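Structure, as C-alpha cells:
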Amino acid sequence: EILFSKGRADISAEGKKTLTILAGSLQKVLPCYTESGRDERGADCEDTPHRIEALFIEGHTDSDPIAPGANFKDNWELSTARATETYRALVSAQAGLESLSSAIGQKSQPILSVAGYSDRRPVVEGEDEAAKSTNRRIDLRLIMVSPRPDAIADIDGQIASPP
C-alpha cells in the first residue's frame with residue numbers, strides 16, 4: 001500500500017520517499033559484499049568472505065484479475081512493471097547501485113535484477129482484502145555466492161571440532 005495503488009505500477013509519493021531511504025541503506029551496505037564495491041570502498045568494508053551474487057527486486061500481486069481497459073494485460077505484466085519501477089526508483093535515488101557487480105565465472109555481472117511473480121508466491125492464504133493486501137508487495141531477495149569447495153571443507157572442519 002505504501003508503494004502502489006491496487007492495479008497500478010506508478011509509485012506513490014510516500015513510496016518514493018520510502019525507496020529513497022531504502023536506496024541509501026543499500027548503498028551503504030551492498031558495496032562491501034560485491035566485487036566492484038569492495039574495490040571502491042576498500043578499508044571501509046569489514047573483511048568477510050561473503051559475497052552477493054544477485055539482488056532480485058521481485059514484484060507480486062494479489063489474485064484479482066486485471067480490470068478491463070487497464071494498462072496491463074494480466075498480473076504477470078503488473079508485477080513485473082512494479083519490480084521494474086522499484087528498480088528505477090532505487091537507482092535514481094542512488095546511481096551507484098546500478099554499477100554494483102559480482103564475479104560470476106570469468107565475467108562480472110550486475111547484481112540488481114527484476115522479476116515478476118504475479119500471484120504465484122503468496123505469503124498469506126485467503127481471499128479477504130487483508131490477505132490480498134499482504135500479497136501485493138515488493139520483495140528483495142539476496143542470492144549469495146556459493147562458497148568454494150575448500151571453504152566448505154574449512155567450515156565442516158570448524159563444525160566438527162569447535163574451538
Side-chain angles (χ1 to χ4, degrees), residues 1-67 69-124 132-148:
E1 295 173 359
I2 292 172
L3 297 178
F4 307 101
S5 297
K6 185 176 173 74
R8 305 288 306 254
D10 47 320
I11 301 171
S12 69
E14 184 181 2
K16 287 178 184 176
K17 289 178 190 174
T18 301
L19 290 174
T20 297
I21 293 167
L22 175 61
S25 296
L26 291 173
Q27 186 61 50
K28 287 178 186 173
V29 174
L30 291 181
C32 290
Y33 297 93
T34 64
E35 298 307 318
S36 60
R38 286 187 69 79
D39 293 344
E40 293 172 15
R41 299 266 309 261
D44 292 343
C45 296
E46 242 180 72
D47 187 28
T48 177
H50 306 293
R51 297 288 179 270
I52 295 171
E53 180 178 319
L55 188 155
F56 284 97
I57 301 165
E58 300 177 337
H60 301 268
T61 65
D62 60 28
S63 57
D64 290 347
I66 297 293
N71 293 334
F72 303 99
K73 183 174 86 176
D74 55 26
N75 279 325
W76 287 102
E77 284 186 10
L78 175 59
S79 63
T80 303
R82 286 177 172 175
T84 302
E85 289 304 309
T86 301
Y87 169 91
R88 288 180 176 143
L90 290 172
V91 300
S92 174
Q94 290 288 331
L97 291 173
E98 194 169 29
S99 65
L100 294 175
S101 62
S102 180
I104 301 172
Q106 300 296 321
K107 204 170 179 187
S108 181
Q109 301 284 342
I111 66 164
L112 292 183
S113 188
V114 299
Y117 290 104
S118 184
D119 63 340
R120 299 287 183 129
R121 293 184 173 189
V123 291
V124 176
K132 288 179 181 182
S133 177
T134 300
N135 289 326
R136 293 189 297 264
R137 68 193 190 282
I138 293 289
D139 287 340
L140 299 182
R141 182 182 307 270
L142 289 169
I143 309 295
M144 301 304 289
V145 172
S146 298
R148 298 177 325 277

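Counting begins at 1 with the first residue of the sequence. Values in this document were obtained by computation on a predicted structure and should not be read as measured data.
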Rounded to the nearest 0.5 Å, what separation is found between the [atom1] atom of [X] and the [atom2] atom of [Y]?
{"X": "Asp10", "Y": "Arg82", "atom1": "CG", "atom2": "CZ", "value": "9.5 Å"}
{"X": "Ile138", "Y": "Leu22", "atom1": "CD1", "atom2": "CG", "value": "11.0 Å"}
{"X": "Leu3", "Y": "Lys16", "atom1": "CG", "atom2": "NZ", "value": "11.5 Å"}
{"X": "Asp119", "Y": "Trp76", "atom1": "CG", "atom2": "CH2", "value": "8.0 Å"}
{"X": "Leu142", "Y": "Ile111", "atom1": "CG", "atom2": "CD1", "value": "8.0 Å"}
{"X": "Leu78", "Y": "Lys73", "atom1": "CG", "atom2": "NZ", "value": "13.5 Å"}

>> Pair Arg88, Glu85 - check salt bridge (charged side-chain N to carboxylate O under 4.0 Å, His left out), show working.
In response: CA-CA 5 Å; Arg88 288 180 176 143; Glu85 289 304 309; 2.9 Å; yes

Just wondering, do [Y] and [X] contact through their side chains at under 4.5 Å, heavy atoms?
{"X": "Ser102", "Y": "Ile52", "value": "no"}
{"X": "Leu100", "Y": "Leu26", "value": "no"}
{"X": "Ser63", "Y": "Lys132", "value": "yes"}
{"X": "Val114", "Y": "Phe56", "value": "no"}

> Mind checking what makes side-chain hydrogen bond (donor to acceptor under 3.5 Å, both in side chains) contact with Ser108, not counting sequence neighbours?
Replying inline: Ser101

> Who passes side-chain hydrogen bond (donor to acceptor under 3.5 Å, both in side chains) against Asp74, sequence neighbours left out?
Replying inline: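 In terms of side-chain hydrogen bond (donor to acceptor under 3.5 Å, both in side chains), with neighbours along the sequence ignored, Asp74 is linked to no residue.
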
Mind listing the closest non-hydrogen atom pair of [X] and [Y] along with its distance?
{"X": "Ile11", "Y": "Ala89", "result": "CD1-CB, 3.7 Å"}
{"X": "Arg137", "Y": "Thr134", "result": "CD-O, 3.7 Å"}
{"X": "Leu97", "Y": "Leu112", "result": "O-CD1, 3.6 Å"}
{"X": "Lys6", "Y": "Asp64", "result": "NZ-OD2, 2.6 Å"}
{"X": "Ala115", "Y": "Ala83", "result": "O-CB, 3.5 Å"}

> Is Arg141 salt-bridged to Asp139, cutoff N-O under 4.0 Å?
Replying inline: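 Looking at Asp139 together with Arg141, the answer is no, because their closest N to O distance does not fall below 4.0 Å.
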
> Salt bridge check: are Glu14 and Lys17 linked by an N-O gap of less than 4.0 Å?
Replying inline: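 A salt bridge is absent here (no side-chain N lies under 4.0 Å from a carboxylate O).
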
Polar side-chain atom of [X] near backbone of [Y] as donor-acceptor pair, under 3.5 Å:
{"X": "Thr80", "Y": "Glu77", "result": "no"}
{"X": "Asn135", "Y": "Thr61", "result": "no"}
{"X": "Ser118", "Y": "Arg120", "result": "no"}
{"X": "Ser79", "Y": "Tyr117", "result": "yes"}

Are there over 12 heavy-atom neighbours, none belonging to [X], within less than 6.0 Å of that residue's [atom1]?
{"X": "Glu1", "atom1": "CD", "answer": "no"}
{"X": "Arg121", "atom1": "CZ", "answer": "yes"}
{"X": "Phe72", "atom1": "CZ", "answer": "yes"}

